[in-house]
Amino acid sequence: MQFENKDGVLVAYHNGETLRIEAWGKDSLRVRVTKLPEFTDQDWALTENVKSEEAVVEIGMEDHWVGDGTIDQKPIASITNGRIRAVVNFAGVITFFRDGEKFLREYFRNYDGTLCRESRCLKVVNREWKGVIGGSEFSLNVKFESNDEEKIYGMGQYQQPYLNLKGCVLELAQRNSQISVPFAVSSLGYGMLWNNPAVGQVTFGKNYTEWTARSTKQMDYWLTVGDAPKNILVNYTSVTGHAPVFPEDRMGLWQCKLRYRTQEEVLSVARQYQKEGIKIDLIVIDFFHWTVQGDWKFDEKYWPDPKAMVDELHSMGIKVIVSVWPSVDRKSENFGPMMDRGFLIKTERGAAQTYDYQGDCVEIDVFNPQAREYVWNVCKKNYYDLGIDAFWLDNSEPDYGVYDFENYRYFEGPALSCSNIYPQLYSRIFFDHMQALGEKNVVNLLRCAWAGSQKYGNVVWSGDVPSTFEAFYDQLQAGLNMGLAGIPWWTTDIGGFMTDDVNDPDFCQLLIRWYEFAVYSPVLRMHGDRGPYNIPPLDDRDWGGGYLHTGQPNELWSYGEENYRIMKKYYDIRIKMHDYIKELYEEASQNGSPLIRTMFYEFPQDKKCWELQDQYMFGSRYLVAPIFHLNEFERDVYLPEGTWMDSRDGKIYQGGQTIHTEAPLDAMPVFQRI
């Protein structure tokens, strides 16, 4: 092992590897390793210009006992940046310390001729590289020691009932309703960003933690330490970026359904809301308002004057969002030019097709800057110039017909090496151009994200999830972990996306419980695919805005008078919280704090709060206890230390105890911290 101090950067050479560890933000280190002649110039999620930190590098020797009982001298080196320190031994194994206490160590079980703990005959090394045949990339496997007492959170959104990810195997890949944001927050007081958009996997195992990238040119991860998750999020967002300040005129109700088929349907819904005295901030025009996928324009037969529609909606104070998909049908007027200019994703073998829902499609290659420019120019002409305020960037994973990532190639390289950052680049087609045109409040809706996506005006929703209480419970875990991964603008389809029968009273109960939760979440948004499908199509064409089915009505009044009463009651609660919600969005922009927070985020010293996952904090003031079971009208709620007021009846409780409380359908338990 050979060590060098290059102007405060620790560089090491060993077994064909070049290792580089450097200060990167407050109490933080960036660690990179490559087997190639030099590092790439990709910073991926680490986009911010951070203050230059003065790290201390030390290189020396240490004693080692060898097999014959003698002592040998071996090289050792360390780098310290504030409270974090990395020590690299002669075998290239890295150990990390916070305030002098070890919190993470690479896993190494290989015989090296000494009697040290790592001397085993298993031949398991900390970093394993295997060349990808025919390419310059490697598959990479990096292992770390596990800690039985550790709890792990963050990492984005996975459809599972686990908040604590210890023991979980997570695919590092984007899918509909699965979002890989590879930043983990540990109960041991550190955060780790796997700064690599390659498709892979992480296993937070009991015996060891293992990160894999299926195709990459280098290892790249970033570590930070802090006293509590809030401090860790501050450090993380300072190097990956802060969310913008969320505009006040979008903090109320967003109205959506699958799907408004004509401009008259949209206007009739908006007019009815105005008649009911309910202000909606946005109305969403969903998919297949277009001619075919990839035309990115209204079907004139059903949207004869979209400019007039937008103007009328604006006169009511309503913003307009329109759905844009990255898929381009072969029948689209844009398919030929885009295919000819290399603006679409390539397949490594077989037919040129990446998506097959309602058409033979290939999706856009967002890694190509010219492709991004092309798509924006079309959408600007056909949407933005008509006054459309925002874009619903659906299918933004992208949603492949088959998730065979090894069969796709981008302008950047093999999909296996970079596909996870696709949704972020997709969002930037719109964010970058809208911002360049002077937009100060860019807010777009996406189904996926990656590390750093919070910078680009992304409201991320949890995808096409079932309309079940089990899925509802999973969404809370997803939203809490998304917040800990640095994505504060998050929402769900109220009531879930897939409903067979809107008249089922069990579904209506789920809808109300979900709606009550959504009032105490970042974005209050009505959406869903509501059965039964007994509404005939508008025409018999096999293309255009009229042929596809539509779901049942999904407005607040669509579910009967009693349910409407409850939703109006909670709508009023949302409106009264406007100033408070504004404060939460400002805090998210300043320091990365999510709006919906795990209990331990606000009470890190309370051990019980690290175990709770069926209640949460909405900011620092409100403790929210949703109801996750059918016909459940009471539940236990844990109140941490302090004084709490039941927001429903004003009753005062002292914290440090679990109480049992009633939970009628029209009154979800919410306690205010006073």
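The structure presented is a predicted model; accordingly, all values stated were derived computationally and were not measured.
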> Looking at G92 and E106, what are the two nearest heavy atoms and their distance?
Replying inline: O-OE1, 3.5 Å
> Is any side-chain N of the basic residue among E145 and R109 closer than 4.0 Å to the acidic one's carboxylate O?
Replying inline: yes
> So do the side chains of F3 and V57 get within less than 4.5 Å of each other, counting heavy atoms only?
Replying inline: no
> Y221 pairs by ring pair (Phe, Tyr, Trp, His ring centres under 6.0 Å) with which of F144, W211, W24?
Replying inline: F144
> Under the 3.5 angstrom rule, does the side chain of T216 hit a backbone N or O of Q218 as a donor-acceptor pair?
Replying inline: yes
>> Using a 3.5 Å distance criterion without hydrogens, assess whether the side chain of N81 forms a donor-acceptor pair with backbone atoms of G25.
In response: yes
> Under the side-chain hydrogen bond (donor to acceptor under 3.5 Å, both in side chains) criterion, do E171 and Y158 qualify, and how do the steps go?
Replying inline: CA-CA 9 Å; E171 182 189 35; Y158 291 86; over 6 Å; no
> Out of K6, R32, R30, which residue meets the salt bridge (charged side-chain N to carboxylate O under 4.0 Å, His left out) rule with E22?
Replying inline: R32
>> Using side-chain heavy atoms (C-beta onward) and a distance below 4.5 Å, is D220 in contact with F39?
In response: no
> Are R447 and D399 ion-paired here, with the side-chain N under 4.0 Å from a carboxylate O?
Replying inline: yes
>> Please verify the inter-ring angle class for W222 with F183; under 30° counts as parallel, over 60° as perpendicular, anything in between as tilted.
In response: tilted
>> Looking at K143 and E210, is any side-chain nitrogen of the basic one under 4.0 Å from a carboxylate oxygen of the acidic one?
In response: yes
>> Main chain of L344, side chain of D365: is a donor-acceptor contact present, judged purely on distance under 3.5 Å?
In response: no
> Please walk me through it: do Q157 and Q477 pass side-chain hydrogen bond (donor to acceptor under 3.5 Å, both in side chains)?
Replying inline: CA-CA 8 Å; Q157 172 182 287; Q477 318 314 315; over 6 Å; no
> Does L172 offer a backbone N or O that forms a donor-acceptor pair with the side chain of N420 under 3.5 Å?
Replying inline: yes
>> Any side-chain to backbone donor/acceptor pair from S28 onto K26? Under 3.5 Å, distance only.
In response: yes
>> I'd like to know if the side chain of D464 reaches the main chain of S177, judged simply by a donor and an acceptor atom lying under 3.5 Å from each other, with no hydrogens or angles considered.
In response: no
>> Under the criterion side-chain hydrogen bond (donor to acceptor under 3.5 Å, both in side chains), I'd like the reasoning laid out for S238 against K51: C-alpha separation, chi angles, the key distance, then a yes or no.
In response: CA-CA 10 Å; S238 71; K51 177 184 175 182; over 6 Å; no
> Under 3.5 Å, is there a donor-acceptor pair between the side chain of W489 and the main chain of V460?
Replying inline: no
> Checking K608 against Y638: charged group under 6.0 Å from the ring centre and within 45 degrees of the axis?
Replying inline: yes
> Okay, side chain of N231, backbone of A228: is any donor-acceptor separation there less than 3.5 Å?
Replying inline: yes
> By salt bridge (charged side-chain N to carboxylate O under 4.0 Å, His left out), which residues pair with R214, not counting sequence neighbours?
Replying inline: E406
>> Quick check: Y153 with Y601 (ring centres under 6.0 Å apart)?
In response: no
>> Within the supplied structure, the quantity of interest is the number of heavy atoms (other residues, nucleotides, ligands) at a distance under 6.0 Å from Y13 OH; does it exceed 12?
In response: yes
> Are side-chain N/O atoms of E363 and Y400 paired as donor and acceptor at under 3.5 Å?
Replying inline: no
> Where do Q475 and S462 land on the side-chain hydrogen bond (donor to acceptor under 3.5 Å, both in side chains) test, with the steps shown first?
Replying inline: CA-CA 7 Å; Q475 300 326 295; S462 64; 2.9 Å; yes
>> Whether the side chain of D27 engages the backbone of R83 through a donor-acceptor N/O pair (distance < 3.5 Å, no angle test) should be reported.
In response: yes
> For the residue pair F96 and Y190, is the inter-centroid distance of their aromatic rings smaller than 6.0 Å?
Replying inline: no
>> Minimum heavy-atom separation for L140 and W194, please, with both atom names.
In response: CD2-CH2, 4.2 Å
> Short question: side chain of Q424, backbone of A451 - any donor-acceptor pair under 3.5 Å?
Replying inline: yes
